Number of protein chains: 2
Amino acid sequence: MRSLSLEARLAIRRGAYTGPTPGLAPGHVQGNLAVLPASFAPDFLRYCQLNPKPCPLIGMTEPGDWRIPALGADLDVRTDIPGYCLFRDGEPVADLRDLMGVWRGDLVAFVIGCSFSFEEALLEAQVPVRHIECGSNVPMYRSGIATTPAGPFGGPMVVSMRPMKPADAIRAIQVTSRFPGVHGAPVHFGDPEAIGIADIARPDFGDPVEIRAGEVPVFWACGVTPQSAIRAARPAIAITHKPGCMLVTDLRNAQLASF
Amino acid sequence: MRSLSLEARLAIRRGAYTGPTPGLAPGHVQGNLAVLPASFAPDFLRYCQLNPKPCPLIGMTEPGDWRIPALGADLDVRTDIPGYCLFRDGEPVADLRDLMGVWRGDLVAFVIGCSFSFEEALLEAQVPVRHIECGSNVPMYRSGIATTPAGPFGGPMVVSMRPMKPADAIRAIQVTSRFPGVHGAPVHFGDPEAIGIADIARPDFGDPVEIRAGEVPVFWACGVTPQSAIRAARPAIAITHKPGCMLVTDLRNAQLASF
C-alpha cells in the first residue's frame with residue numbers, strides 16, 4: 001500500500017492536485033524548497049548551518065539529481081510540488097508548474113523544515129492557531145534581526161507571527177521547542193518594534209490576522225528567510241516552491257520531535 | 001566525607017548558621033516546609049496533588065516523625081532550618097529558632113519544591129535573574145488565579161515575578177519546563193492585571209525589582225501559596241519555614257530535571 005505522502009506526490013506529479021499543500025497527508029513533514037546552482041551550494045549550506053532557526057535543513061540532493069531518498073521513496077523535486085517560482089539574478093521572473101523545462105545538471109535542491117509540522121503539534125496540544133482558524137496564510141514579516149551571512153547569502157530574518165494568550169504562548173514555546181528541525185521555539189514575543197517590525201497589521205508576506213485583547217504576537221523564524229537570502233545572492237538561476245505549496249515528504253512530524 | 005548539604009544542615013542544627021539559605025550547598029535542592037496536624041494531612045496532600053505548579057510535593061514525614069530519609073541522611077525537620085514561623089488558628093504568632101518546644105506526636109511535615117533549583121538552571125543558561133543580581137528577595141504577589149480547593153485548603157495562587165527580555169523569557173520557559181518538581185514553566189507573562197495584580201511595583205511578599213525598557217514581567221507559581229492555604233484552613237497549629245530560610249536536602253537539582 002502506498003503511503004499518504006507518496007499518494008500526494010503522485011497526484012501532484014500527474015497534475016491531479018494543484019493547490020496549496022496544508023492538510024495533504026496529515027502527520028507528514030512538508031518542506032520548503034530552494035534550488036541553486038552547485039557553485040552556490042557550499043555557501044548556502046553554510047548559511048543554513050549558521051542560521052538553523054530560519055533554515056533548518058532536512059534534506060538535499062546531489063548536483064543534477066532530483067531524488068532525496070532520505071525524504072521519500074520515488075520523490076522527484078522537479079515535479080512533486082504544486083507550484084514553483086523561478087528566479088533569475090535574484091529576481092522572480094516566472095511561476096512554473098514543474099521544473100522539467102528548466103532543470104540543469106548542475107542544480108542542487110535543498111529542503112528546509114516548515115512550520116506546518118509544529119502547527120500540527122500546537123493544534124494537538126489544544127493551542128489555537130488564528131490563521132488556521134481563519135483559513136488564511138500565516139502573516140510573515142521581514143524583521144530587523146540580521147541572519148549570519150555566508151558568502152553572498154545574508155539579509156534579514158523573515159518571521160511568522162501567531163497571536164496567543166500568554167498561557168497559550170507558554171505552552172506553544174514548550175511544544176515548538178521539541179521541533180528544532182522545523183524552526184523550534186519562537187525568537188520573540190510582544191512588542192513588534194523590538195525586532196524592527198513597524199506595522200504588525202501589514203505583513204510582508206501572507207495575510208494579516210487579528211490580535212485580540214489579552215493576546216500577544218508570538219514570532220517564529222520562518223522558512224521564507226532563504227528566499228530573501230537568494231534574492232541577496234543573485235544567482236543566475238534559483239527556484240523555490242510557491243508560497244503554501246510545499247514538498248510533502250515521507251517523514252512523520254513525530255520523527256522530528258527531539259524528546 | 002559528609003555531603004555539602006548534610007554539612008549545611010548540621011551547621012544550622014548546632015546554631016552555627018542562622019541566615020537565609022540561598023547559596024548554601026550549591027547544586028542541592030532546597031524546599032519549602034509546611035507542618036500540619038495529621039488530621040489536616042489528607043486534605044493538604046490532596047491540595048498539593050490538585051495544585052502541582054504552586055505545591056510540587058517532594059517529600060513528607062510519617063505523623064510525629066521528623067525524618068525524611070528520601071530527602072537526606074540524618075535530616076531533622078525540627079532543627080535543620082534556620083528559622084520557622086508558628087501559626088495558631090491560621091495566624092502567625094511567633095518566629096522560632098527550632099521546633100523542639102512545639103513538636104507533637106501528631107504533626108506531619110511536607111516539603112515542597114522551591115524556585116532556587118530552577119534559578120540555578122537559569123543562571124547556568126546565562127539567563128539573568130534580576131533579584132539575584134540585586135541581592136534581594138524575589139517579588140511575590142497574591143494573584144487572581146484561584147487554586148483548586150481541597151477540604152479547608154484553598155485561596156489564591158501566589159506567584160513570583162522575574163523581569164526579562166522576551167528572548168530570555170523564551171529560554172527561561174524552556175529551562176524551567178524541565179523542572180516540574182520546582183514549579184515548572186511560568187503561568188503567565190506580560191500584563192499583570194490579566195492575573196489580578198493591580199500594582200506590580202508593590203509585591204505582597206519579597207522586594208520590588210525594576211522592570212526595564214524592553215522587558216516583560218514573567219510569573220511563576222510560588223511555594224508561598226501553601227502558606228496562604230494554611231491561613232485559609234486555620235488549623236490549631238501549623239509551622240512553615242521563615243521566608244528565604246529553606247530546608248537543604250541531599251537531592252541534586254539535576255536529579256529533578258525531567259529530560
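Please read all numbers here as calculations on a predicted model, not as lab measurements. Letters A, B, ... mirror the listed sequences (proteins, then strands); counts begin at 1.
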>> Report, in residue-number order, which members of residues 151-170 of chain A are under 4.5 Å from chain B by heavy-atom distance.
In response: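 Residues A:P166, A:A167, A:A169, A:I170 are the ones that qualify, each having a heavy atom under 4.5 Å from chain B.
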Sorted by number, residues from [range] in contact with chain A (heavy atoms, under 4.5 Å):
range	answer
residues 198-216 of chain B	B:V216
residues 171-183 of chain B	B:I173, B:Q174, B:S177
residues 112-148 of chain B	none

>> If you count heavy-atom pairs within less than 4.5 Å of chain B, which of A:A185, A:P186, A:A194 leads?
In response: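 Greatest number of close heavy-atom pairs with chain B: A:P186.
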